[in-house]
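Data first, discussion second: the structure below is written as structure tokens.
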Amino acid sequence: MSRLPQRIVCLTTETVEVLYALGEQDRIAGISGYTVRPPQARKEKPKVYAFTSGDIDKILAVQPDLVLTFSDLQADIARDLIKAGVPVYAFNMRSVDDILGMIETLGRLVGAEAKAAELVAELEAQIEAARAIAAERLARSGHRPRVYFEEWDEPNITAVRWVSELIEIAGGTDIFPERAGSPLARDRILAEPLEIVRRDPEVIIGSWCGKHFRPERISARAGWSTVTAVQNGRLHEIKSAIILTPGPVAISEGLPLLLELLDFAPPAKAPAGR
């Protein structure tokens, strides 16, 4: 008789995505109501919790033998489940390597190590291909576009680490690299938004979790008319379900989008004396 978990509850979308990719979706007994990937999961699996709120009895009702949680944001429900006698594994991905490590760990938890290794290898190959494209562009132009990634607008929150790393892989330069290592969003809040103006991004990417990015609001911010990205109209959105999900999708879909948005030549310098 297998000792591997047979009834897994996934309280974030990325572990659902991985289990489906590994062909282990039959083990999923419940999901978060915020699960978006893969789309069929919302049709096939019972929604037993939101993200940070819900009724623990709904989780217990599906009789899980393992619950997968994410970060300190789900610390309270993890505590309550442990008190109820349910095994819990809490992931805390903050970097690209963490995402790949999560896939490998989840593969071990369900006895699908070989498939997990294949998935990781595919994602690593995509990363290396993106690096090669970025290197070719850099050799041609000698330029890495300055990028401001905004996770939230009020207050301004800068890029989390895996997003900052993906920007660098795609050939850009995150203008707030010193903040990317802070795991908590509150530590990436900009006390002085005009610091963005001073660092003058050439590309602004918004991913306002839970609401649509509004480029016209960026352009209308006081003092922002001189920002290169605003002047050139390079204000773009990448959906938070893609780029702010620390799972395969951030690499498989988020990275190609970043490559596309950063594919432009820097403006030519005016001739001397003009």
Side-chain angles (χ1 to χ4, degrees), residues 94 96 130-131 133-245 250 253-274:
R94 298 297 173 181
V96 171
R131 288 190 192 278
I133 293 171
E136 188 276 329
R137 290 177 184 170
L138 179 61
R140 178 167 22 96
S141 68
H143 183 68
R144 294 177 67 93
R146 300 182 303 277
V147 181
Y148 169 53
F149 182 93
E150 188 167 275
E151 187 175 318
W152 191 248
D153 61 328
E154 296 176 337
N156 304 115
I157 299 179
T158 63
V160 70
R161 181 177 170 184
W162 72 79
V163 173
S164 179
E165 291 175 346
L166 290 173
I167 289 169
E168 296 289 330
I169 291 167
T173 297
D174 176 13
I175 66 169
F176 289 105
E178 74 279 7
R179 292 179 173 270
S182 299
L184 302 180
R186 67 170 181 251
D187 295 330
R188 289 181 276 111
I189 294 174
L190 289 173
E192 177 48 80
L194 288 179
E195 181 60 26
I196 302 164
V197 176
R198 287 189 283 271
R199 299 194 187 195
D200 191 26
E202 296 164 272
V203 180
I204 294 175
I205 300 172
S207 188
W208 297 347
C209 190
K211 64 180 181 180
H212 291 295
F213 177 63
R214 300 286 296 276
E216 70 276 11
R217 292 186 181 178
I218 299 285
S219 300
R221 289 175 180 173
W224 284 55
S225 61
T226 61
V227 173
T228 299
V230 172
Q231 292 183 340
N232 293 330
R234 292 198 176 97
L235 312 174
H236 307 285
E237 178 181 28
I238 298 180
K239 298 293 185 182
S240 58
I242 294 175
I243 197 68
L244 290 180
T245 298
E253 296 186 24
L255 182 54
L257 288 173
L258 287 169
L259 274 173
E260 180 181 341
L261 296 180
L262 300 184
D263 185 15
F264 64 90
K269 294 183 179 179
R274 294 249 179 127

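In this chain, residues are counted from 1 in sequence order. All of these numbers come straight from a predicted model, not from anything done at the bench. Below, each value reflects all heavy atoms present in this structure, side chains not excepted, and no hydrogens, waters or symmetry copies.
Counting only heavy atoms from C-beta outward, the side chains of N156 and F176 never approach each other to under 4.5 Å. Side-chain atoms of V227 and I196, non-hydrogen and from C-beta on, never get closer than 4.5 Å to each other. The side-chain heavy atoms of I243 and L166, taken from C-beta on, include a pair separated by under 4.5 Å. Inter-residue side-chain proximity for R221 and D153 is flagged as met; some heavy-atom pair is nearer than 4.5 Å. Using a 4.5 Å heavy-atom threshold, the side chains of R137 and L259 count as touching. Between N232 and E202, every side-chain heavy-atom pair lies at or beyond the 4.5 Å cut-off. Side-chain contact check for V203 versus F149: every heavy-atom pair is 4.5 Å or farther apart. Contact annotation: the side chain of R146 approaches that of T228 to within less than 4.5 Å [non-hydrogen atoms, C-beta and beyond].
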Candidate pair L261 and I238, rule side-chain contact (heavy atoms from CB on, under 4.5 Å), full reasoning: CA-CA 10 Å; L261 296 180; I238 298 180; 4.0 Å; yes
Using the salt bridge (charged side-chain N to carboxylate O under 4.0 Å, His left out) rule, take E178 and R199 through it: C-alpha gap first, then chi angles, then the decisive distance, then the call. CA-CA 13 Å; E178 74 279 7; R199 299 194 187 195; 3.0 Å; yes
Test side-chain contact (heavy atoms from CB on, under 4.5 Å) applied to W152 and K211, step by step: CA-CA 9 Å; W152 191 248; K211 64 180 181 180; 3.5 Å; yes
Does the pair R217 and E150 meet the rule for a salt bridge (charged side-chain N to carboxylate O under 4.0 Å, His left out), with working shown? CA-CA 13 Å; R217 292 186 181 178; E150 188 167 275; over 6 Å; no
List the steps and the verdict of side-chain contact (heavy atoms from CB on, under 4.5 Å) for R179 and D174. CA-CA 10 Å; R179 292 179 173 270; D174 176 13; over 6 Å; no
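The distance from the CG atom of L255 to the CD1 atom of I167 is 10.5 Å, given to the nearest 0.5 Å.
With hydrogens and angles ignored, the 3.5 Å screen pairs a side-chain donor or acceptor of R188 with a backbone N or O of T158. Looking at E237, its side chain does come within 3.5 Å of a backbone N or O of F213 through a donor-acceptor pair.
Taking a 6.0 Å sphere around CZ of R140, one finds it holds more than 12 heavy atoms contributed by other residues, nucleotides or ligands.
Applying salt bridge (charged side-chain N to carboxylate O under 4.0 Å, His left out) to E168 and the options R131, R144, R161 leaves one that passes, R144.
With no hydrogens or angles considered, no side-chain donor-acceptor pair links D187 and S182 at under 3.5 Å.
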